[in-house]
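Comments concern the structure below.
Residue numbering restarts at 1 for every chain, and letters A, B, ... go by the order of the sequence lines.
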Amino acid sequence: METALNTGDTAWLMTAAALVLLMLPGLAFFYGGMVRSKSVLNMLMMVFGALFIVGVLWVLVGYSIAFGDSYGQAGWLGNVTQYAGLEGLMTDNPESVYPAMAFVAFQAMFACLTVGLIAGGVADRMKFSAWLVFAGIWALLVYFPVAHWVFNLAGDNGGWIYKLGIIDFAGGTAVHINAGIAALALVFVLGKRLGWPRVPMRPSNLTLVMIGAGLLWFGWFGFNAGSATAANNTAAVAFLNTFAATCAAALGWLLTEKIRDGKATSLGAASGVVAGLVAITPACAAVSPLGAMAIGAIAGVLCALAVGLKYRFKYDDSLDVVGVHLVGGLVGTLLIGIFATEASPTGINGLLHGGGWNQLWLQFVGALAVLVYSLVVTLVIALVIKAIMGLRVSEEQEISGVDLAEHAESAYELGESGGGGIFAGVGHAGRARAEEQQ
Amino acid sequence: MKLITAIIKPFKLEDIKSALEGLDIQGMTVSEASGFGRQGGHTEVYRGAEYTVDLIPKVRIEVLVDDTQADTVIDAIVTAARTGKIGDGKVWATPVDTVVRVRTGERGVDAL
C-alpha cells in the first residue's frame with residue numbers, strides 16, 4: 001500500500017514534542033529559582049500541575065476545540081466533539097505525511113506550557129487547588145479557542161487569525177500575549193503579596209534560574225523549529241533565527257542593566273534569553289537572521305525596561321510574566337510587520353522590505369484581538385473562582401510559606417538558619433519519641 | 001575566667017585560629033553570624049529592583065580563658081583580624097562564673 005508518510009518529518013515532529021515537554025521543567029526551574037525559598041516547591045508544582053491538568057483536558061476535548069473543523073467555518077471555535085477522546089485518530093491515514101497522534105502530542109505540549117507560563121505572575125500566595133481549577137478552566141475557555149484561531153491551518157475550516165493572513169508561526173499571540181495578559185488579569189484579582197513592594201523578595205536560587213533558562217532555550221528549538229511540522233528548510237531557518245535572536249536579546253538586556261543599574265546580572269542574562277525566545281517565536285520563519293537579531297535585541301531592551309512597570313503601576317506580577325511574555329510577545333508579533341522578508345520561508349515583505357503597512361496592521365489586529373479576549377475572559381474566570389472557593393492562602397500561611405501550607409514540605413535543608421543542618425535530627429528524634437510513647 | 005567573644009570578617013578566621021594556636025589555647029567555638037555595624041549593608045539588584053541587604057555575614061569566635069590570659073588573647077585576635085577597613089568587627093570579654101568539663105566534671109580553671 002502506498003503511503004504519504006514521511007519518516008523524517010514524523011521523527012522530527014515527535015522529537016520536537018518531547019523538546020517542548022522539556023520546557024515545562026525548564027520553566028519550573030526558571031520560575032522556581034526566582035521565588036523565595038519558602039515557595040520554591042509550590043512554584044514547581046504550579047507548573048507541573050498545569051501540565052497534568054491541561055494534558056488530560058487536551059485528550060478529552062482540547063484537541064477538538066483547537067483543531068476540530070470550525071463551527072460555520074467562522075474560525076472561532078473547533079467542533080468540540082469531533083476528536084473527543086482521540087478515539088478516531090489511531091488508525092493509519094495513508095494520505096498523511098505524519099501520524100495524526102504526532103501532531104496531537106506536539107500541540108498538547110503547547111497548551112500545557114502556555115498555561116504554565118501564567119503561574120509566574122501569582123507566585124508565593126495562591127491556593128494550589130484554586131490554581132489547578134483556574135488552569136483547567138482557562139485552558140478550556142481561553143487557550144483552546146485561541147489556539148484554534150491561530151494554529152488551525154485547515155483552509156476554510158481553520159482559524160480566523162490564520163485565514164486573515166496574520167503571521168504567528170509558533171505562538172506570539174496564542175501563547176505569549178495570551179499568557180502574559182492572563183497573568184496580569186489574574187494578579188489583578190488575586191492581589192499583591194504581603195509586604196510587596198516594601199519587603200525585599202530575593203530569588204532563592206539564581207543557579208536554578210540559569211539551568212531553567214538553558215532548558216527553555218533547548219526546548220524552544222522544538223517549539224519553533226518543530227512548528228514547521230516537517231524536517232525541512234522552514235524548520236532550519238526557524239531554528240537558526242531562534243538561536244540568533246536569543247543571543248542578541250540577552251546582550252540587549254545586559255546592556256540595559258549595565259547602563260541603568262551599573263551591573264550586568266545573571267538574572268538579567270536568563271531573563272534576556274527568555275525575552276528573546278518569546279519575541280522570535282511568532283517571527284522565526286518570516287525574517288532573516290539579521291532581522292531575527294534585531295527583533296531579539298529590541299525585545300531584550302524593551303523587556304528589561306518593562307519589568308519596572310509593575311512598581312510604577314503597583315501590580316505584583318511576581319516573576320514578570322507581563323514584562324517578559326506580554327511585552328516580548330507584542331514586540332515579536334508586531335515587528336513581523338516591519339522585518340518580515342520575502343526571502344524567508346513565509347515569503348511576505350514587511351515595512352522595511354517594501355511590503356507597506358498592511359502586514360503591520362494585520363499583526364496589530366491579531367495581537368489586540370487575543371489580548372482583549374484573554375483579558376476579559378481571564379478576569380471573569382478569576383472572579384468566579386475567587387467568589388466560589390477563594391484564590392489565596394491565609395495571611396498566616398503566606399508568611400510561613402506556601403510550600404509548607406500547601407504541600408507540607410520544604411525545598412531546602414538550609415543548615416542552622418533554616419532549623420536544619422546538625423539540628424535537623426533533633427526535631428525528628430523528638431517526633432519519633434513522641435510516637436513511641438503513644 | 002573570661003569569655004572572649006569576637007565578631008570578625010569571615011575570611012580572617014584562619015589567621016585568628018593560627019594566632020590563637022600559637023598561644024596554647026585549648027579550644028574555641030566558631031559560628032556563622034550576621035549583623036550590621038558602621039559598615040552597614042550592601043545593595044543587590046534584581047531585574048532593576050534594588051534591595052538593601054542590611055545584615056552582612058560575619059563569623060563569631062568564642063574562647064574561654066583564664067583571667068591572666070585574657071588581654072593576650074584579645075590582642076592576638078585584634079591583630080590577626082585587622083585589615084584597617086571599616087567592618088573589621090569587635091572583640092569583647094565577659095566575666096564567667098563557672099565552667100564545667102562535661103566528660104570529667106572538673107570545674108573552674110581546670111576545665112579550661
Give a yes or no on this: more than 12 heavy atoms of other residues, nucleotides or ligands lie within 6.0 Å of atom [atom1] of [X].
X        : atom1 : result
B/Arg82  : CZ    : no
B/Glu21  : CD    : yes
A/Tyr311 : OH    : yes

Using non-hydrogen atoms only, which part of A/Leu206 is less than 4.5 Å away from chain B: side chain, backbone, both, or neither? side chain

Ranked by heavy-atom pairs below 4.5 Å to chain B, first place among A/Met201, A/Arg202, A/Glu257 goes to A/Arg202

With a 4.5 angstrom heavy-atom cut-off, is it the side chain or the backbone of B/Glu44 that approaches chain A, or both, or neither? side chain

Heavy atoms, side chains only, cut-off 4.5 Å: are B/Arg47 and A/Thr265 in contact?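 Contact flag for B/Arg47/A/Thr265 side chains = no.
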
Can you name the residues that form a ring-ring contact (aromatic ring centres under 6.0 Å, His included) with B/Tyr51, not counting sequence neighbours? B/Tyr46

